[in-house]
Amino acid sequence: MSVSERPIVTRIAPSPTGSMHIGTARTALFNWLYAKHTGGRFLLRIEDTDRERSTESAVQVILDGLAWLGLEADAPAVFQYAQAERHREVVDELLLRGRAYRCWMTVEELAAEREIARAAGRAIRSPWRDQAAPSGVNLPHVVRFKGPIEGETLVNDLVKGPVLFQNRDLDDLVLLRSDGAPTYNLAVVVDDHDMGITHVIRGDDHLNNAARQTLIYQAMDWELPAFGHLPLIHGPDGAKLSKRHGAQAVGEFADMGYLPEAMRNYLARLGWGHGDDELFSDEQAIAWFDVKDVVKAPARLDWAKIAHVNNHYIRLADDGRLADLVIDAMAREGDVIAEGVRDRLIAVIPFVKEGAKTVLELRDLCRFAVAERPIVLNDKSVSLLAPETRERLLRLATRLADETIWTPPSLTVALRAFAESEGVGMGKFGPALRAVLSGGLPAPDLAGALSALGRDESLGRMDDALSRVE
RNA sequence: GGUCCCUUCGUCUAUCGGUUAGGACACCAGAUUUUCAAUCUGGGAAGACGGGUUCGACUCCCGUAGGGACUACCA
């Protein structure tokens, strides 16, 4: 079966570096969406051929990141390092076919050649390309691919369109290092072929590699996968996304209180669009997504927009789930989570979630409700309690104690009725009521705050602040 | 330096030869008001530049400028 007839298989192939870049996350998302869209499979391969950098915990970071994003692979991860034998086999085959050669250039010779080549504006060449082995068989050497020096290579990119390369510009890349370890460009080709990948969808930074990799496929007489190179994600200032732009690892987004479904939606809109649709479900994204529609230009991360999208999903999220996330955030800061906090959170979250752009903000908006009696009033709150106002709040407390229904609408009515009976506007006691209820912390509108706190807690807080003799 | 990619409001995008160039976020103004928000109404805001092709270009071609990637015995 040819690639176009086989069921589609995509993959994400991150290298374990200790964190998972947000760009990797988006690449994973696009591969996942495309696989789902076509009813194909989405695979994961850990590119751990660099033994120096790869650690078990770095691998775990990737697994955790993907799991958090909800982009789990359809099969267990393939570890590239474990395929090293297979990679060497392919190199032997290439050697046999005369499509690779051993190169004994020293580091110094290579550096000199690099300089000459750069000055001449051409790719570096090895003198061993067409030379017999030197005497003394055990000299250290690498194995290079023997690329054609004439002709051209076409990469028919799914997002960029046809991209033509002159073979003379492509250097003879190293396949096997002098210690016998396979290199990236060889390993990807072999692994993608062995894993049956039909669509290689990855970052823009690999577009140039695609030409060289194409040559390897051809040398092995393997069928070429389709390539799709996604433009990179840049920081808000247009420069390559880096630490100074704030978060760049998916774990950081999680800690900052972004919801995974919000990240999927936002990331999908970064470099891809479907008409005027902005907020959509996974099902819709899967139904609509196609690599062909990916935008060619790099996109910038926009914190304000992520916040907006996140707020949308916070509004939609289940209150119990949000309460747990808030508790996690509090615990991370070392707060002791008292008995009953989860219940209080669930009571207050419906009243504050609309204003929260992140779980961290939601946590701050919940603080007033979680505070233990007697709550401490900040200076500004204290200054709101003039004697006359205290008298009025006392009368209000009595009035509220008689309320049989404790819901926002009924409380609103009660508050208005009280203002009327006092012959004043809400401004005469509203701020003060808020002060004794929240101590000065942000809180929802009064009826909401009273309702969220509940009758006993509300009346108790009023009593705490008003019965105090001064 | 060489090779390759990219270029519509501040940002993400729609448009796929004929539109008052649309939407979203952000921004500004107003309304509301019991803090902060939220909400409602209204508003400003774009085809990098220069040449072509065409009856007609944001849309096609060439060039310039700017941005980016690659140019490793990293991935």
Side-chain angles (χ1 to χ4, degrees), chain A residues 13-17 47-50 52-54 80 103 105 107 110 114 117-124 140-144 155 157 159-161 163-166 168-171 173-181 183-185 187-188 203-212 229 231-232 234 236 238-240 266 269-279 295-309 311 315 352-357 361 364-365 380-381 384 415 419 425-435 438 440-447 449:
Chain A
S15 52
T17 57
E47 311 248 301
D48 55 352
T49 52
D50 183 348
E52 308 269 297
R53 290 197 293 188
S54 304
Q80 191 155 64
C103 168
M105 280 177 100
V107 221
L110 198 56
R114 208 189 313 281
R118 191 187 168 97
R122 47 155 255 254
I124 60 168
H141 65 276
V142 301
V143 176
R144 286 182 182 277
V155 174
D157 197 88
V159 351
K160 308 280 182 173
V163 182
L164 201 58
F165 294 86
Q166 296 304 315
R168 84 176 97 84
D169 295 328
L170 276 13
D171 59 0
L173 44 87
V174 172
L175 264 18
L176 241 38
R177 301 185 179 99
S178 49
D179 64 357
T183 59
Y184 166 77
N185 276 298
V188 239
D204 217 351
D205 47 340
H206 291 289
L207 182 54
N208 288 281
N209 286 332
R212 287 186 271 235
H229 289 92
L232 270 19
H234 289 170
K240 190 173 178 174
Y266 176 74
R269 282 290 291 112
L270 208 54
W272 173 78
H274 181 265
D276 285 343
D277 297 300
E278 296 286 346
L279 270 1
V295 173
K296 295 170 161 195
R300 303 180 186 198
L301 212 55
D302 183 351
W303 292 103
K305 189 135 184 181
I306 301 179
H308 174 260
V309 175
N311 173 256
R315 289 168 181 235
V352 297
K353 66 204 287 194
E354 297 202 340
K357 294 196 276 288
E361 284 187 14
D364 292 339
L365 293 172
K380 194 184 168 200
S381 298
L384 252 20
L415 252 17
M426 290 273 258
K428 282 291 183 188
F429 64 92
L433 207 216
R434 172 181 306 288
S438 75
L441 291 169
D445 69 273
L446 293 174

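Below, chains carry the letters A, B, ... as their sequence lines are ordered, and counting in each starts from 1.
Tested against A:Val174, the residues A:Val143, A:Thr183, A:Asn185 include a single side-chain contact (heavy atoms from CB on, under 4.5 Å) partner, A:Thr183.
Judged by Watson-Crick or G-U wobble contacts below 3.5 Å, the nucleotide B:C60 has B:G52 as its partner. The partner of B:A65 is B:U7, by the rule that a Watson-Crick or G-U pair needs both atom distances under 3.5 Å. Here B:U33 sits opposite no nucleotide as a Watson-Crick or G-U wobble pair (both hydrogen-bonding atom distances under 3.5 Å). Remark: B:C70 base-pairs with B:G2. Criterion, Watson-Crick or G-U wobble with two distances under 3.5 Å.
Under 3.5 Å, the side chain of A:Arg269 and the base of B:U13 form no donor-acceptor pair of N or O atoms. Between the base of B:G2 and the side chain of A:Arg118 there is no donor-acceptor pair shorter than 3.5 Å. Looking at A:Ser178, its side chain comes within 3.5 Å of the base of B:C73 through a donor and an acceptor atom.
Closest to the side chain of A:Ala304, from the set B:G68, B:A26, B:C73, is B:A26. Of the candidates B:G68, B:G22, B:C70, B:G68 carries the atom nearest the A:His234 side chain, counting heavy atoms from C-beta on. Checking B:U35, B:G22, B:C25 against every side-chain atom of A:Asp276, the shortest atom distance belongs to B:G22.
Nucleotides B:U3 and B:A72 place their P atoms 16 Å apart, quoted to the nearest Å. Nucleotides B:C9 and B:A26 are separated by 11 Å at their C1' atoms, to the nearest Å. On the C1' atoms, B:U7 is 14 Å away from B:U13, given to the nearest whole Å. Going from the C1' atom of B:A21 to that of B:A31 covers 31 Å, rounded to whole Å. Of the P atoms belonging to B:G2 and B:U8, the separation is 26 Å, rounded to the nearest Å. Between the P atoms of B:U32 and B:G10, the separation comes to 33 Å (whole Å). Rounded to a whole angstrom, the distance from the P atom of B:A29 to that of B:G68 is 35 Å. Rounded to whole Å, the separation between the P atoms of B:C60 and B:A14 comes to 14 Å.
A salt bridge does not link A:Asp277 with A:Arg269: none of the charged nitrogens is closer than 4.0 Å to a carboxylate oxygen. Between A:Glu361 and A:Lys353 there is no salt bridge, since none of the side-chain N atoms of the basic residue sits less than 4.0 Å from a carboxylate O of the acidic one. We find that A:Arg144 and A:Asp171 are not joined by a salt bridge, their nearest charged nitrogen and carboxylate oxygen being 4.0 Å or further apart.
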Study note, to complete from the structure: Readout for nucleotides 3-11 of chain B: B = base within 4.0 Å of protein heavy atom, S = sugar-phosphate only, - = neither; 5' to 3' it is BSSSS---B

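Under a 3.5 Å cut-off, the side chain of A:Ser15 and the backbone N or O of A:Thr17 do not form any donor-acceptor pair. For the pair A:Tyr266 (side chain) and A:Ala307 (backbone), a donor-acceptor distance under 3.5 Å is absent.
Looking at heavy-atom distances under 4.0 Å, A:Pro14 makes no contact with the nucleic acid at all. Across all strands, A:Asn209 comes closer than 4.0 Å to base atoms (heavy-atom distances). Within 4.0 Å (heavy atoms only), A:Arg315 reaches sugar-phosphate atoms of the nucleic acid but no base atom. In this structure, A:Ala443 reaches the bases: a heavy-atom distance under 4.0 Å links it to at least one base atom across the strands shown. Residue contacts shown for A:Gly271 are limited to sugar-phosphate atoms, with no base heavy atom under 4.0 Å away.
Rounded to an integer number of Å, the gap from CG of A:Leu433 to P of B:U35 is 13 Å. Protein atom CE of A:Met105 is 13 Å distant from nucleotide atom C1' of B:A72, rounded to whole Å. Look at CG on A:Leu446: it is 13 Å from C1' on B:C36, rounded to the nearest Å. Rounded to an integer number of Å, the gap from CH2 of A:Trp272 to P of B:A14 is 10 Å. One can place CD of A:Glu278 at 11 Å from P of B:A26, the figure rounded to the nearest angstrom. Following rounding to the nearest Å, A:His274 (NE2) and B:U15 (P) show an atom-to-atom distance of 10 Å. If you take CG of A:Leu365 and C1' of B:A38, they are 11 Å apart, rounded to a whole angstrom. Nucleotide B:C36 holds its P atom 13 Å from the CG atom of A:Asp445, rounded to whole Å.
Counting only heavy atoms from C-beta outward, the side chains of A:Glu354 and A:Asn311 never approach each other to under 4.5 Å.
In this model, the phosphate group of B:A75 is approached by a side-chain N or O of A:Thr49 to a distance below 4.0 Å at OP1 or OP2. Taking 4.0 angstrom as the limit, A:Arg114 places none of its side-chain polar atoms (N or O) nearer than this to OP1 or OP2 of B:U71.
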Check your understanding: Can you check side chain to side chain contact (heavy atoms under 4.5 Å, CB included) on A:Phe429 and A:Arg434, steps first, answer last?
Key -> CA-CA 9 Å; A:Phe429 64 92; A:Arg434 172 181 306 288; over 6 Å; no

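Mapping A:Asn185 and A:Ile124 onto RNA chain B by nearest heavy atom places A:Ile124 at the nucleotide closer to the 5' end. Heavy-atom nearest nucleotides on RNA chain B were determined for A:Ala356 and for A:Pro431, and the one closer to the 5' end corresponds to A:Pro431.
When all heavy atoms of A:Pro231 and A:Val295 are compared, the pair lying nearest together is CG-O, 3.1 Å. Shortest non-hydrogen contact noted between A:Ala435 and A:Ser381 is CB-CB, 3.6 Å.
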